[in-house]
Asks: 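Here it is: the structure, laid out below.
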Amino acid sequence: MIRIYSLTNQYFRVFMPQPSKPVVDLRSREHYIASCIALAQEKLSRFGSVAEIAAREREINLYPDLEQLEAPHLIHLLAAPAPGPVRQAQEATARGEVLLEHAAAGEGTRLFLGPKYFINIGRDLGLEQIAHLLSVEAGKVVSPESVAPLLDCQPRDLLPLSLGSRHMLQLAFDLERLARDLGEVPAEVLARQHLLIIISEEMAAGIEKDFHQWHFYGFRPDRVFFMVQESFHGLNLRDGRFVYDESSPRRLHNHGQMVVQQSMDRQLFTLPGAHVRERVYYSQAAVGDWLQGFVNKISYNIEDLDYLTGSLDFHSLGLVLELGEKGFRMVMEVVANNPVKPQKGGMLAWDPALLRDVMIESFQLGDLPNQDIAFLNRNFNHYPRPFESWRRVRDAGLPMPVAVKEGFLYFQPVQGDINFLVPTAFFRRQEMPAIKNLKSPAALPLAINRMAAQDRQPGFREFAQRTWEGGK
């Protein structure tokens, strides 16, 4: 099942960075903001203005000793499926031992279509609107006639489902199919599942209403956990002191803040009642106890288009469970960069100072040419025994890179930086697929084609209708 390029599985345990003092204070929102101000004062007070920080942003965020990095030393290869590990993955999933996290807080600013969860192409977009969005992005006129040949169907022929509904329906659809394959009752398998849905403040009411309307997509309401990822005003610099400026726009502190916030008290809640706004919040200790019941957590992103025809990959999950037994607590999938048209992204490299492979976020790479990035982060992460990575984030926090937006300073922690806190493995597939995400209008034709393929799955339309009617 596992093929090793070099070294052994054990070196991660020996050379992991030691526990460090927490970067930010996670006792409450107010403590977090105060510690962000203190951190800015400590690290950036040498600058005379936020504009100066913006001019030096790339330098501030640069990964240390970037020129000393080497090609990665160890990448696990996902070989041909083996019946044993695949069956183990299927049974663990059916038992509800795999926590299914869904990052659904994306604002979709580059798409100009509103929050990604609510994007409904079949209902809201025609060829003319798609051509207009492509024209704006490309800076040249793109005609509807040139778009039509790129599509497997007209947008209006898609089921009128939002991207968020498609995301949840596909998971429930695949779990129902798994139950039948294992000879189990589908409703019982769905009832065992635990989900964690990350949403934004602006979307919270709409998504909560969506789950009630769809009867929680067949899942048990008391096992569907939500977290509203908080947004924050920016920092300003006045008379040499950083201040939290409430006149600035509120923004998310990137996807890293999502995992930081999960380790804080009373952030996760369920909606077990009959009414939309009846929230039950859980203490930090209760969340820690809950997490100890899982063998793995899968972190999905709502913009992943491959997910729309296959949300459960038991082949890779089998490998992840094996790696978890060897002591790894984060597993990241990588893909080879295109040598003809290399792209920017998170880079896998060997850090001789840490004596280990690390995943480095793209904005930490400075002016590194894209062709020097051999392996990219596919942005699909697993967390074997997720309590342990949660505990490390709770105790140590994450690194806090910065970004200046609209003249204000915001911190931008990165979820992938958990790989610096826990033993982390990296794997690739024999045939490495291209990354297919709905990030910009250029991906809309592909999104339509993936949604059309989802609609064509045998039984999917009927399943969606049955779910809407409450399983009748």
Asks: Within the structure provided, determine whether Val422 and Glu388 are in side-chain contact (heavy-atom separation under 4.5 Å).
Replies: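 No, too far: nothing below the 4.5 Å cut-off.
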Asks: Between Tyr281, Tyr282, Phe211, which is the residue that forms a ring pair (Phe, Tyr, Trp, His ring centres under 6.0 Å) with Phe226?
Replies: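 That would be Phe211.
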Asks: Is it true that a side-chain atom of Asp417 and a backbone atom of Leu398 form a donor plus acceptor pair closer than 3.5 Å?
Replies: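 Absent.
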Asks: Assess whether atom NZ of Lys344 is packed by more than 12 heavy atoms of other residues, nucleotides or ligands within 6.0 Å.
Replies: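 Correct, the count exceeds 12.
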Asks: Please confirm whether the ring centroid of Phe426 lies under 6.0 Å from the ring centroid of Phe375.
Replies: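 Distance test on ring centres: not under 6.0 Å, no.
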Asks: Check Met203, Glu201, Met258 against Gln229 for a side chain to side chain contact (heavy atoms under 4.5 Å, CB included) and give me the one that passes.
Replies: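 Looking at Met203, Glu201, Met258, the match for Gln229 under the side chain to side chain contact (heavy atoms under 4.5 Å, CB included) is Met258.
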Asks: Side chains of Asn337 and Met347: closer than 4.5 Å at any heavy-atom pair?
Replies: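 Of all side-chain heavy-atom pairs linking Met347 with Asn337, none is under 4.5 Å.
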Asks: Answer yes or no: is there a donor N or O on one side and an acceptor on the other, between the side chain of Glu52 and the main chain of Gly48, under 3.5 Å?
Replies: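 Present.
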Asks: Could you walk me through whether Arg58 and Asp367 satisfy the side chain to side chain contact (heavy atoms under 4.5 Å, CB included) test, starting with their C-alpha distance in whole Å, then the side-chain angles of each, then the deciding distance to 0.1 Å, before giving a yes or no?
Replies: CA-CA 9 Å; Arg58 181 171 295 187; Asp367 296 320; 2.2 Å; yes
Asks: Checking side-chain polar atoms at under 3.5 Å, does Asp245 have a donor or acceptor matched by the opposite partner on Ser248?
Replies: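 The answer is no; no qualifying pair exists.
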Asks: Which atom pair, heavy atoms only, marks the closest approach of Ile418 to Thr424?
Replies: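 Scanning both residues, the minimum pair turns out to be O-OG1, 4.5 Å.
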Asks: Does some side-chain heavy atom of Gln412 sit less than 4.5 Å from a side-chain heavy atom of Asn61?
Replies: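 When only atoms from C-beta onward are counted, Gln412 and Asn61 do not touch, as no gap falls below 4.5 Å.
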Asks: Mark yes when over 12 heavy atoms from residues, nucleotides or ligands other than Glu431 sit less than 6.0 Å from its CD; otherwise mark no.
Replies: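 Atom CD in Glu431 is not packed in, count stays at 12 or less.
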Asks: Is the side chain of His382 donor-acceptor paired with the backbone N or O of Val331 at a distance under 3.5 Å, no angle test?
Replies: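 The answer is no, because no donor-acceptor pair under 3.5 Å joins these two groups.
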Asks: Decide whether Ser440 and Glu137 meet the rule of one side-chain donor and one side-chain acceptor closer than 3.5 Å.
Replies: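 Per modelled atom types, Ser440 and Glu137 side chains form a pair under 3.5 Å.
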Asks: What heavy-atom pair brings Pro155 and Ile130 nearest, and what distance separates the two atoms?
Replies: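 The answer is CG-CD1, 3.7 Å.
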Asks: Set out, in order, the CA-CA distance, both residues' side-chain angles and the distance that settles side chain to side chain contact (heavy atoms under 4.5 Å, CB included) for Ile60 and Phe47, then state yes or no.
Replies: CA-CA 11 Å; Ile60 293 167; Phe47 297 104; 3.8 Å; yes
Asks: Taking the side chain from Ser162 and the backbone from Tyr117, do they hold a donor-acceptor pair closer than 3.5 Å?
Replies: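 Indeed, once roles are kept as given, a pair shorter than 3.5 Å links the two residues.
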Asks: Taking the side chain as C-beta and beyond, is there a heavy-atom pair between Trp350 and Leu74 under 4.5 Å?
Replies: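 No, too far: nothing below the 4.5 Å cut-off.
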Asks: Between Glu230 and Arg250 (salt bridge meaning N to carboxylate O under 4.0 Å), is one present in this structure?
Replies: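 No, Glu230 and Arg250 are not salt-bridged.
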Asks: Looking only at non-hydrogen atoms, find the nearest pair between Phe242 and Ala40 and report the distance.
Replies: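 That closest heavy-atom pairing would be CE1-O, 3.4 Å.
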Asks: Might you point out which heavy atoms bring Asp306 and Arg450 nearest each other, and give the distance in Å?
Replies: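 So the minimum-distance heavy-atom pair works out to OD1-NE, 4.3 Å.
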Asks: Donor-acceptor pair, Asp265 side chain versus Gln284 backbone, under 3.5 Å?
Replies: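 It does hold such a pair.
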Asks: To the nearest 0.5 angstrom, please state how far the CG atom of Asn254 sits from the CZ atom of Phe363.
Replies: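 That separation rounds to 6.0 Å.
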Asks: Has the side chain of Arg329 got a donor or acceptor atom that lies under 3.5 Å from a matching backbone atom of Gly324?
Replies: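 Yes, the answer is positive, given that a donor and an acceptor are paired below the 3.5 Å cut-off.
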Asks: Please assess Asp124 against Leu113 for the test side chain to side chain contact (heavy atoms under 4.5 Å, CB included), listing each intermediate value before the final yes or no.
Replies: CA-CA 10 Å; Asp124 298 333; Leu113 294 172; over 6 Å; no
Asks: Once rounded to the nearest 0.5 Å, what's the spacing between atom OG of Ser165 and atom CH2 of Trp214?
Replies: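 Spacing of OG (Ser165) from CH2 (Trp214) equals 5.5 Å.
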Asks: Spell out, as yes or no, whether a donor-acceptor pair under 3.5 Å connects the side chain of Thr93 to the backbone of Ala89.
Replies: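 Yes; at least one donor-acceptor contact below 3.5 Å.
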Asks: Which pair of non-hydrogen atoms, one from Ala425 and one from Leu323, has the smallest distance, and what is that distance?
Replies: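 Looking at all heavy atoms of both residues, the shortest contact is CB-CD1, 3.9 Å.
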Asks: For the NE2 atom on His132, are there more than 12 heavy atoms of other groups (residues, nucleotides or ligands in this structure) within a distance under 6.0 Å?
Replies: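 It does not: His132 NE2 has 12 such atoms or fewer within range.
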Asks: For the pair Tyr300 and His102, name the ring-plane relationship: parallel under 30°, tilted 30 to 60°, perpendicular over 60°.
Replies: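 Correct class here is parallel.
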Asks: Testing Asp222, Asp210, Leu271, Leu195 one by one against Phe216 for a side chain to side chain contact (heavy atoms under 4.5 Å, CB included), which residue passes?
Replies: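 The option that passes is Leu271.
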Asks: With under 30° as parallel and over 60° as perpendicular, where do the rings of Phe328 and His76 fit, or are they tilted in between?
Replies: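 Rings of Phe328 and His76: perpendicular, over 60°.
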Asks: How long is the straight-line distance from CD of Gln68 back to CG of Asp351, given to the nearest 0.5 Å?
Replies: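 That separation rounds to 9.5 Å.
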Asks: Do any N or O atoms from the side chain of Arg29 and from the backbone of Leu26 form a donor-acceptor pair under 3.5 angstrom?
Replies: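 The answer is no, because no donor-acceptor pair under 3.5 Å joins these two groups.
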Asks: Mind checking the CH2-CG spacing from Trp290 to Leu196? Nearest 0.5 Å is all I need.
Replies: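 Nearest 0.5 Å value for the CH2-CG distance: 5.0 Å.
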Asks: Without placing hydrogens or testing angles, list every side-chain donor-acceptor pair under 3.5 Å for residues 401-411, not counting sequence neighbours.
Replies:
from, atom 1, to, atom 2, distance (Å)
Glu406, OE2, Arg251, NH2, 2.5
Tyr410, OH, Pro249, O, 2.6

Asks: Got Leu151 and Asn449 here, is their nearest side-chain heavy-atom distance under 4.5 Å?
Replies: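 In short, these two side chains touch, coming nearer than 4.5 Å.
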Asks: Output yes when a side-chain donor or acceptor of Tyr307 lies under 3.5 Å from a complementary backbone atom of His167, and no otherwise.
Replies: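 Such a contact is found between Tyr307 side chain and His167 backbone.
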Asks: Kindly compute the distance separating SG (Cys36) from CD (Gln257), expressed to the nearest 0.5 Å.
Replies: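 Nearest 0.5 Å value for the SG-CD distance: 8.5 Å.
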Asks: Could you tell me how the ring of Tyr32 sits relative to the ring of His253: parallel (under 30°), tilted (30 to 60°) or perpendicular (over 60°)?
Replies: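 If you compare the ring of Tyr32 with that of His253, the planes turn out tilted.
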Asks: So Val320 and Ile298, side chain to side chain contact (heavy atoms under 4.5 Å, CB included) or not? Walk me through it.
Replies: CA-CA 10 Å; Val320 168; Ile298 304 177; over 6 Å; no
Asks: Could you check whether Arg166 and Gln454, counting side-chain N and O atoms only, form a donor-acceptor pair closer than 3.5 Å?
Replies: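 Present: a donor and an acceptor within the cut-off.
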Asks: So, the side chain of Asn296 versus the backbone of Glu97: is there a donor-acceptor pair under 3.5 Å, distance only?
Replies: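 Side chain of Asn296 to backbone of Glu97: no pair is present.
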Asks: Would you say Asp304 and Asn437 make side-chain contact, with heavy atoms under 4.5 Å?
Replies: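 Yes. Closest side-chain heavy atoms under 4.5 Å.
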Asks: With rounding to the nearest 0.5 Å, note down the distance linking CG in Asn419 to OG in Ser389.
Replies: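 Result: 12.0 Å between the selected atoms.
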Asks: Please tell me if the side chains of Leu69 and Tyr63 come closer than 4.5 Å, counting only heavy atoms from C-beta onward.
Replies: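 Yes; the side chains approach each other to less than 4.5 Å.
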Asks: Under a 4.5 Å cut-off applied to non-hydrogen side-chain atoms, are Leu171 and Phe219 in contact?
Replies: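 Touching, per the 4.5 Å side-chain cut-off.
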Asks: Can you name the closest pair of heavy atoms from Met451 and Leu163 and give their distance?
Replies: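 Nearest pair, atom of Met451 first, then Leu163: CE-CD1, 3.9 Å.
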